There are 2 protein chains.
Amino acid sequence: MTVSRVLRNRGDVSEATRTRVLEAARRLGYVPNKIAGALASQRVNLVGVIIPSLSNMVFPEVLSGISETLEDTGLQPVVGVSNYQGDREEQVIYEMLSWRPSGLIIAGLEHSEASRAMLAQAGVPVVEIMDIDGEPVDSAVGISHRRAGRKMAEAIVAAGYRRIAFLGTHMPTNDHRARKRLEGFEEALAGFGLSVVDREFYSGGSALAKGREMTETILKRTPDIDFLYYSNDMIGAGGLLYCLEQGLDVPGKIGLAGFNGVELLDGLPRRLATMDACRLETGRAAAEIIAGKRATGVVGGEVVEFEPKLQPGDTIRKA
Amino acid sequence: MTVSRVLRNRGDVSEATRTRVLEAARRLGYVPNKIAGALASQRVNLVGVIIPSLSNMVFPEVLSGISETLEDTGLQPVVGVSNYQGDREEQVIYEMLSWRPSGLIIAGLEHSEASRAMLAQAGVPVVEIMDIDGEPVDSAVGISHRRAGRKMAEAIVAAGYRRIAFLGTHMPTNDHRARKRLEGFEEALAGFGLSVVDREFYSGGSALAKGREMTETILKRTPDIDFLYYSNDMIGAGGLLYCLEQGLDVPGKIGLAGFNGVELLDGLPRRLATMDACRLETGRAAAEIIAGKRATGVVGGEVVEFEPKLQPGDTIRKA
DNA sequence: CCGGCTTGTGTTATCGCTAACATCGGTTAA
DNA sequence: TTAACCGATGTTAGCGATAACACAAGCCGG
């Protein structure tokens, strides 16, 4: 018992015994068993974080925000990956909850019914991140992708482009956020009496190379396009490289924009127009909710919306 | 007890009770408490994976190999990030071990003394990955960075380049692998009576942009350089873009090479020469060791070396 | 000098599961 | 017929920590 007290800095222990205990612990290489500790205390310092993928860069970045904020709370993130698959997500949620974490952060608002039931039953704070267009189980933090799409459409139209095309991932792939962005985009275009003149989709492979290919394809098919809206920056960058190589007048004759604002791409010949998704802030805010750091009067779910910022870069005409 | 048996598919349970139990479990939203289970059974289906960073892309890729292989073993990876800091690594190791995982996978062979002691004492398989130039605590899987550096030097010299420069991260940053690569590189050059004619380092910021800047700087300082060896593909790509913009004759007058073989960059105007670090294979092999899938007679530490493959791309002269 | 307080340490009973063994009706083999 | 055996289920005793309380010694003020 005294050992337990020393190792947790809890309760009064005389300086003499304290050092004796620490010395012995070091000598024996003693590592306390958190499993037993957690069982006894009914407290677990873990926060489950469930994301669809690690190879998208977007998610690691959110993770950074989370772990940064969690660092000085004694909580530790534990990452699970769902591979964009609903059933996999269900398993991961189940697995995580079976370790009775202090909270759960999960990407997206769309989950299977069983998943939603588990989250609702969990008895710990649940924060759904990176999207707020929908009904959260508990709390939600992120941007409105519908609004991001709308905003981009407005900027494009304001800059005078009219023959606008969309390039993105195959939608059935469960990328709800990209879908919502496109919906908002088309909605806003419709408001101007416009619509997307052509579209092209891809799946798998290197995004940069795919962006290049898709751009070539779509421009050959519909040569009078004057704007290319990409569903992410990587394919946008591929498209940009292609356009520059072809000697197209960017942004004069043709404009381009992506989405996400990945820092990775600074250093391209031109800065691609994009929209920051506030990933770091999202991660931080989500972690704060779990850690109970947010001074809010609200008991239950809280929705934190960030404002996606347009970064015009060099690939969209100045108004 | 019967419930426990049903939920773990262990022992004989009649079909009737089995369905009754499952039905009740679903109705109640029962999620078994793995903490208690682990404590009782002294078994934990978690594998700790400790990497320096998530933003380097290299590490997520290794992770993919790991989780892919672990998927059908009932084991689950748990990721910890050390931020390239020895003391942080120590904490993460301690934290992980206190959950008594089934194994530990950790990047690199260089750890603090305390860390090595903990790993040695852990009583579970420990696999150090991505480097084999050194003395592993238990098992090791990866490539020899010294040898990778040597091989690249040989290829460069064989292609006829002589005024060779190196560009990389600031070394004190604990990037032992980059350091070893450079050492092997210089060693091999020395064998040909050559040495690195200039070098340039960076830290922080967008790698693509930094690669561009560094390349400009070094070429202005030492204009007769005919080969640029970058310590990673991202800065190499930045350099490549710069060279192409300047209208330099690549690979005729000047050659470039990076390291890692990141798929991300397919789609650049030219393919950068690079060397594949076998990240996926490394992840897989490490996971296999932990899962005990490798049929080896050896009891203790096993060292698996992969052979880095040169991908000449379009930025190095054909011999 | 005693009750009450503080301080440091020890005891006991959980926490929710599983290993290991016990039990019991019903076969099966000798 | 009887023992051995089997499949299905129940019982008991931990796993290694912590919460909550018990206890002993020293100190204080009235």
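A, B, ... follow the sequence lines: proteins, then strands. Residue 1 opens every chain. Quick caveat, the model's predicted, so the values are computed rather than measured.
Taking only side-chain nitrogens and oxygens, B:Y30 never comes nearer than 4.0 Å to OP1 or OP2 of C:dG16. The shortest distance between the side-chain N/O atoms of B:R5 and the OP1/OP2 oxygens of D:dT9 is not below 4.0 Å. Note on A:T17: a side-chain N or O is less than 4.0 Å away from OP1 or OP2 of C:dT9. For C:dT9, the OP1/OP2 oxygens have a side-chain nitrogen or oxygen of A:S14 closer than 4.0 Å. Taking side-chain N and O atoms only, B:Q42 has a distance below 4.0 Å to OP1 or OP2 of D:dG16. Side-chain nitrogen and oxygen atoms of B:R43 include at least one within less than 4.0 Å of the OP1 or OP2 phosphate oxygen of C:dA19.
Comparing B:G11 and A:R8 along DNA chain D, the residue whose closest nucleotide (by nearest heavy atom) sits nearer the 5' end is B:G11. Mapping B:V13 and B:R100 onto DNA chain D via the closest heavy atom, the residue that lands nearer the 5' end is B:V13.
Residues A:S112 and A:R116 bring no donor and acceptor atom of their side chains to less than 3.5 Å of each other. Side-chain polar atoms of A:H111 and A:E90 form no donor-acceptor pair below 3.5 angstrom. A:N45 and B:E95 share a side-chain donor-acceptor pair at under 3.5 Å.
No donor-acceptor pair closer than 3.5 Å links the side chain of B:T73 to the backbone N or O of B:T69.
Residue B:L39 places its side chain closer to D:dG16 than to any other of C:dA19, D:dG7, D:dG16. Of the candidates C:dC17, D:dA8, D:dA19, the closest approach to any side-chain atom of A:M1 belongs to D:dA19. In this structure, the nucleotide among C:dG16, C:dT18, D:dG10 sitting nearest to the side chain of B:T2 is D:dG10.
For the pair B:L7 CG and C:dC17 P, the computed distance is 9 Å after rounding to whole Å. Counting to the nearest Å, the P atom of C:dC17 and the CZ atom of B:R10 are 16 Å from each other. Between the CZ atom of B:R18 and the P atom of D:dT9 there is a distance of 10 Å, rounded to whole Å. One interatomic measurement links the two molecules: NZ of B:K34 to C1' of D:dG16, which rounds to 20 Å at whole-angstrom precision. Rounded to whole angstrom, the span from the CZ atom of A:R20 across to the C1' atom of C:dT9 amounts to 11 Å.
Contact annotation for A:N33: backbone-only contact, meaning every heavy-atom pair under 4.0 Å involves sugar-phosphate atoms and none involves a base.
By the salt bridge (charged side-chain N to carboxylate O under 4.0 Å, His left out) test, B:E15 pairs with no residue at all, sequence neighbours left out.
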